[in-house]
Participant: 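Take this structure, written in structure tokens, and hold onto it; I'll ask about it next.
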2 protein chains.
Amino acid sequence: MGNSENTEKPDGGVERAATAQAQMRKGVLELCILSILSQGDAYPTEIIDKLKDTKLVVVEGTLYPLLTRLKNTGLLGYRWEESTSGPPRKYYKLTEIGAQYLKELQLSWGELVEAVNKTIEKGKNNI
Amino acid sequence: MGNSENTEKPDGGVERAATAQAQMRKGVLELCILSILSQGDAYPTEIIDKLKDTKLVVVEGTLYPLLTRLKNTGLLGYRWEESTSGPPRKYYKLTEIGAQYLKELQLSWGELVEAVNKTIEKGKNNI
DNA sequence: TTTTAGTACCTTGTGTTACATAGTACTAAA
DNA sequence: TTTAGTACTATGTAACACAAGGTACTAAAA
């Protein structure tokens, strides 16, 4: 019965794509968070919501350590702000260094997209 | 990175970009390797060279485990082939499942690029 | 024959990172 | 006082890329 080795589906590729899709997202998380903060200060829950809008689903356990890391390296600062609907919010803000770093990241992103697309295009001729 | 002291450089962002750049590349490695193999069978050293052409530098220690993983999940197959200039080469080949999976990955990639670019564009208005 | 150089594949250990999970704390309303 | 909603924090785990070192095969030089 249970040759349930790998829960294979008729087209076994589909559910694997989710894994690799997640893989691809990882690398650009930092870029997206900095981009969002360049639009204005925001607190974590707000950032998560904005990422959802662009199909990049991220959970707290991922975001908080990342924000702390970015803060510790001087790319972000933060301030506390009262809220009328719960505990105080930690608003993060892009520093000057962070803004400069963001520009570099955007450049790298553009180069990566170009490189990958070039590789993909070559392949498409032979499928 | 616990910089308790001041390891900071005048333009602290620059060398951090290399790290995050590497981060971003990680997610697309699988996509690129499958794309390359869709152009025809290839052995590891050959794949590394082709990746270099598109600015995606990868080393053996990264590629070999990845190829083995892709093989074990049925996305790749391989055959040995003699060489006149050294040891035999292990030619990897995209399987049918692998080809289908590649198409899905390419789709995911396109969606990701669009999502990230949308986020970046919003930010650029406010810098 | 032995040595050297070049090519190619493989393995192990390490550090980073995203995520799942669980926990703490504050506010407002029932 | 309890409950629900919001928000931030901490801990443990698994995956992954990479550095570094190792094995093995061929051909040509000594």
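Since this is a predicted model, take the numbers as computed values, not measurements. Letters A, B, ... mirror the listed sequences (proteins, then strands); counts begin at 1.
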Participant: Looking at C:dA30, which nucleotide sits across from it as a Watson-Crick or G-U wobble partner, both distances under 3.5 angstrom, or is there none?
Facilitator: D:dT1

Participant: C:dT11 P sits how many Å from B:Arg69 CZ, rounded?
Facilitator: 15 Å

Participant: To the nearest Å, give me how far apart CD (A:Glu81) and P (C:dT27) are.
Facilitator: 15 Å

Participant: Is there a donor-acceptor pair under 3.5 Å between the side chain of A:Thr62 and the backbone N or O of A:Val58?
Facilitator: no

Participant: Do B:Ile97 and B:Leu107 belong to the same hydrophobic cluster, where Ile, Leu, Val, Met, Phe, Trp and Tyr are linked whenever their side-chain heavy atoms lie under 4.5 Å apart, directly or via other members?
Facilitator: no

Participant: Report the distance from atom CG of A:Leu31 to atom C1' of C:dA18, rounded to the nearest whole Å.
Facilitator: 17 Å

Participant: Heavy atoms only, 4.0 Å cut-off, all strands: where does A:Pro44 land among base, sugar-phosphate and nothing?
Facilitator: sugar-phosphate

Participant: Report yes if a side-chain nitrogen or oxygen of A:Thr68 is closer than 4.0 Å to either non-bridging phosphate oxygen (OP1 or OP2) of D:dT9; otherwise report no.
Facilitator: no

Participant: Once the angle between the rings of B:Tyr92 and B:Tyr78 is folded into 0 to 90°, is it parallel (under 30°), tilted (30 to 60°) or perpendicular (over 60°)?
Facilitator: tilted

Participant: Over how many whole Å does the gap from B:Ile47 atom CD1 to D:dA17 atom P extend?
Facilitator: 14 Å

Participant: Using whole Å, report how far CG of A:Leu66 lies from C1' of D:dA10.
Facilitator: 16 Å

Participant: Short question: side chain of B:Thr95, backbone of B:Leu75 - any donor-acceptor pair under 3.5 Å?
Facilitator: yes

Participant: In whole angstroms, how far is the P atom of D:dC16 from the CG atom of B:Leu63?
Facilitator: 14 Å

Participant: Is any side-chain N or O of B:Thr62 closer than 4.0 Å to OP1 or OP2 of D:dC18?
Facilitator: yes

Participant: Does B:Glu46 reach the main-chain N or O of B:Tyr43 with its side chain, forming a donor-acceptor pair under 3.5 Å?
Facilitator: yes

Participant: Figure out the CG/C1' separation between B:Leu67 and C:dC10, and round it to whole Å.
Facilitator: 12 Å

Participant: Could you grab the distance from atom CD of B:Gln106 to atom CG of A:Asn117, nearest 0.5 Å is fine?
Facilitator: 9.5 Å

Participant: Assuming nearest nucleotide by heavy-atom distance, tell me which of A:Glu60 and B:Tyr64 is located more 5' along DNA chain C.
Facilitator: B:Tyr64

Participant: Does anything in residues 84-92 of chain B reach DNA chain C, meaning a heavy atom under 4.0 Å, and if so which residues?
Facilitator: B:Ser85, B:Gly86, B:Pro87, B:Pro88, B:Arg89, B:Lys90

Participant: If you assign each of A:Val59 and A:Glu82 to its closest nucleotide in DNA chain C, which residue comes earlier from the 5' end?
Facilitator: A:Val59

Participant: Rounded to whole Å, please give me the gap between CD1 in A:Ile33 and P in C:dT17.
Facilitator: 13 Å

Participant: Tell me, with the steps shown, if B:Asp53 and A:Lys118 meet salt bridge (charged side-chain N to carboxylate O under 4.0 Å, His left out).
Facilitator: CA-CA 10 Å; B:Asp53 290 345; A:Lys118 202 156 63 175; over 6 Å; no

